[in-house]
Amino acid sequence: MARKFWLMKCEPDAYTIDDLARDKTTSWEGVRNYQARNFMRDDMQVGDGVLFYASNADPSGVTGLAEIVQDGYPDHTAWTKGHHYFDKASTREKPVWYMVDIGFVERFPGVVPLETLKSTTGLEQMKVVQKGSRLSVQPVTKAEFDIVVRLGRKKR
DNA sequence: GCCAACGTTGGC
DNA sequence: GCCAACGTTGGC
């Protein structure tokens with residue numbers, strides 16, 4: 001199976017590429033959207049590339065790269081009563097929510113702002129540039145991934 | 001902080 | 001199964 005590519009969003013208040021650089025790996029718990037869950041549960045594989053995207057940031061954009069180091073497994077935070085991510089619909093026997101683990105790869109010298117993504121040829125189809133797109137885990141093509149990496153590594 | 005767009009829920 | 005109401009996301 002060929003390597004696939006993804007974009008994963010996170011608000012800087014919750015987690016940043018610098019946190020990931022420090023932690024080396026982290027579990028991506030708390031996703032409570034079925035489409036995003038399906039990608040993590042069914043499609044992500046160890047070694048897949050990840051664009052790390054900071055949402056609700058100043059400016060929002062891609063701040064670095066990560067990779068999948070553990071593919072989909074049940075999100076246990078959904079089982080913990082009182083936990084922020086608790087969901088009574090999810091049980092150990094029949095988990096509803098899944099997560100993956102990602103590992104640090106690279107921190108870009110500067111953020112690649114959403115505005116740049118929007119104005120770059122070849123990225124028109126990316127979900128993140130489309131108005132009203134709220135999907136926090138989304139597939140990207142290899143071509144899109146490579147363009148964003150090139151933008152991210154560019155000296156500015 | 002505002003608010004438009006979205007996904008989910010629940011009454012019918 | 002429709003759709004209004006609601007809560008959340010996320011750019012600005």
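This one's a predicted model, so the numbers in the text were calculated from it and none came from an experiment. Sequence lines set the chain letters: A, B, ... in the order given, protein chains first and strands last, and positions in each chain run from 1.
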Inset, instruction - Determine, for nucleotides 3-12 of chain C in 5'-to-3' order, which nucleotides have protein heavy atoms under 4.0 Å from the base (write B), from only the sugar-phosphate (write S), or from neither (write -). - result: ----BBSBBS
Inset, instruction - May I ask you to check whether A:Tyr98 and A:Asp42 show a side-chain donor-acceptor distance below 3.5 Å? - result: no
Legend entry - Closest non-hydrogen atom pair between A:Glu144 and A:Gly122, with its separation: CG-O, 3.8 Å
Inset, instruction - Would you mind telling me which residue lines up with the more 5' stretch of DNA chain B, A:Lys131 or A:Arg32, judged by nearest nucleotide? - result: A:Lys131
Legend entry - Salt bridge flag under 4.0 Å for residues A:Lys142 and A:Asp146: yes
Legend entry - Ring centres under 6.0 angstrom apart (A:Phe52, A:Trp6): no
Legend entry - Shared hydrophobic cluster, A:Ile147 / A:Leu117 (ILVMFWY, side-chain heavy atoms < 4.5 Å):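 In one cluster: yes.
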